[in-house]
**Student:** 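Pasting a structure below so you can have a look.
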Amino acid sequence: MAGSALDTVPADDASARLVDQLLADQWITSPAVRAAFHRVPRHLFAADGISLDVAYANDVIITSRGPDGRATSSISEPWLQAAMLHAAHLQLGARVLEVGSGGFNAALIADIFGPGGTVATVDIDAAVIDRARTTLDRAGYRQVTSRMVYAVMRRR
């Protein structure tokens, strides 16, 4: 859901342009994925201050950076997300665990599943999960479970 009625029309237009591009390039090939990309508001999951043109470009969106300026979290390119959604062969009522969450892909999955499916999304960064949870709630995807997980990484 957009922040105000004034935000809705431009976001809908930007979303429609992205979906049209994904359809023309044959990344979207099913009605369920098409509908999910139309309904899930990508701009809400983007970093604050991102324009609608950038939010709905067929490109990655960096959502957070580390102290060194390197990207630590992002929203994947829409073409890649569409390809993954098709490859997953999602069915109504299924259960999915998504690893590495900014929330947008989890919302797409939940949208495809409908109310009977289960989506859990996890990340190792508490700030990423907090932002995902807030945005999922704001966008109306309260049924998605989000949790922080701890990872132990060893150097070889």
**Student:** Under a 4.5 Å cut-off applied to non-hydrogen side-chain atoms, are Q143 and V119 in contact?
**Tutor:** no
**Student:** Given the rule that I, L, V, M, F, W and Y join up when any side-chain heavy atoms are under 4.5 Å apart, are L136 and I50 in one cluster?
**Tutor:** no
**Student:** For the atom pair CG (L85) and OG (S30), what is the distance rounded to the nearest 0.5 Å?
**Tutor:** 8.0 Å
**Student:** Among all residues two or more places apart in sequence or in another chain, which pass the side-chain hydrogen bond (donor to acceptor under 3.5 Å, both in side chains) test with D53?
**Tutor:** none
**Student:** Report the distance from atom OG1 of T29 to atom CG of D25, rounding to the nearest 0.5 Å.
**Tutor:** 12.5 Å
**Student:** Do P78 and R42 have side-chain heavy atoms sitting under 4.5 Å apart?
**Tutor:** yes
**Student:** With sequence neighbours left out, what residues match R34 under salt bridge (Lys or Arg N to Asp or Glu O under 4.0 Å)?
**Tutor:** none
**Student:** Quick check: closest heavy atoms across A36 and I112, and the distance to 0.1 Å?
**Tutor:** CB-CG1, 3.8 Å
**Student:** Can you check side chain to side chain contact (heavy atoms under 4.5 Å, CB included) on L108 and M84, steps first, answer last?
**Tutor:** CA-CA 11 Å; L108 289 170; M84 290 187 298; over 6 Å; no
**Student:** Looking at side-chain heavy atoms only, is the closest gap between I75 and Q81 below 4.5 Å?
**Tutor:** yes
**Student:** Does anything in residues 75-85 pair up under salt bridge (Lys or Arg N to Asp or Glu O under 4.0 Å), and if so which pairs, sequence neighbours excluded?
**Tutor:** none
**Student:** In chain order, what residues pass the side-chain hydrogen bond (donor to acceptor under 3.5 Å, both in side chains) check against T135, with sequence neighbours excluded?
**Tutor:** none
**Student:** Which heavy atom of L92 sits nearest to which heavy atom of G114, and what is that distance?
**Tutor:** CD2-N, 4.4 Å
**Student:** In Å, rounded to the nearest 0.5 Å, how long is the span from OG1 of T134 to CG of L44?
**Tutor:** 11.5 Å
**Student:** Listed by chain and number, what are the side chain to side chain contact (heavy atoms under 4.5 Å, CB included) partners of A88, not counting sequence neighbours?
**Tutor:** L90
**Student:** Mind jotting down which residue pairs meet the salt bridge (Lys or Arg N to Asp or Glu O under 4.0 Å) criterion with at least one end in residues 58-68? Sequence neighbours excluded, please.
**Tutor:** D68-R70
**Student:** Could you report the tightest heavy-atom contact between A82 and I28, atom names first, then the distance?
**Tutor:** CB-CG1, 4.0 Å
**Student:** Which residues satisfy the ring pair (Phe, Tyr, Trp, His ring centres under 6.0 Å) test with F104, sequence neighbours excluded?
**Tutor:** F45
**Student:** Are V128 and I109 linked, directly or through intermediate hydrophobic residues, by side-chain heavy-atom contacts shorter than 4.5 Å (ILVMFWY only)?
**Tutor:** no
**Student:** If the condition is side chain to side chain contact (heavy atoms under 4.5 Å, CB included), which residues does L97 pass it with, not counting sequence neighbours?
**Tutor:** V99, A120, V122
**Student:** Would you check if D125 and S73 make a side-chain contact, meaning some heavy-atom pair closer than 4.5 Å?
**Tutor:** no
**Student:** Given the rule that I, L, V, M, F, W and Y join up when any side-chain heavy atoms are under 4.5 Å apart, are L80 and V40 in one cluster?
**Tutor:** yes
**Student:** Looking at D137 and R133, does any basic side-chain N land under 4.0 Å from a carboxylate oxygen?
**Tutor:** yes
**Student:** Please collect all side chain to side chain donor-acceptor pair (under 3.5 Å) contacts where either partner lies in residues 96-123, sequence neighbours excluded, each pair once.
**Tutor:** R39-D111, E98-N105, E98-T121, S101-T121, D111-Y141
**Student:** Return each pair, listed once, that meets ring-ring contact (aromatic ring centres under 6.0 Å, His included) where at least one residue sits in residues 50-87; pairs must be two or more places apart or across chains.
**Tutor:** W27-W79, H43-Y56
**Student:** Looking only at non-hydrogen atoms, find the nearest pair between A47 and I61 and report the distance.
**Tutor:** N-CG2, 4.3 Å
**Student:** Going by salt bridge (Lys or Arg N to Asp or Glu O under 4.0 Å), name the residues that satisfy it together with D130, two or more places apart in sequence or in a different chain.
**Tutor:** none
**Student:** Distance alone, cut at 3.5 Å: any donor-acceptor contact between the side chains of S74 and T63?
**Tutor:** no
**Student:** Applying salt bridge (Lys or Arg N to Asp or Glu O under 4.0 Å), can you list everything that pairs with R95, at least two apart in sequence or on another chain?
**Tutor:** none
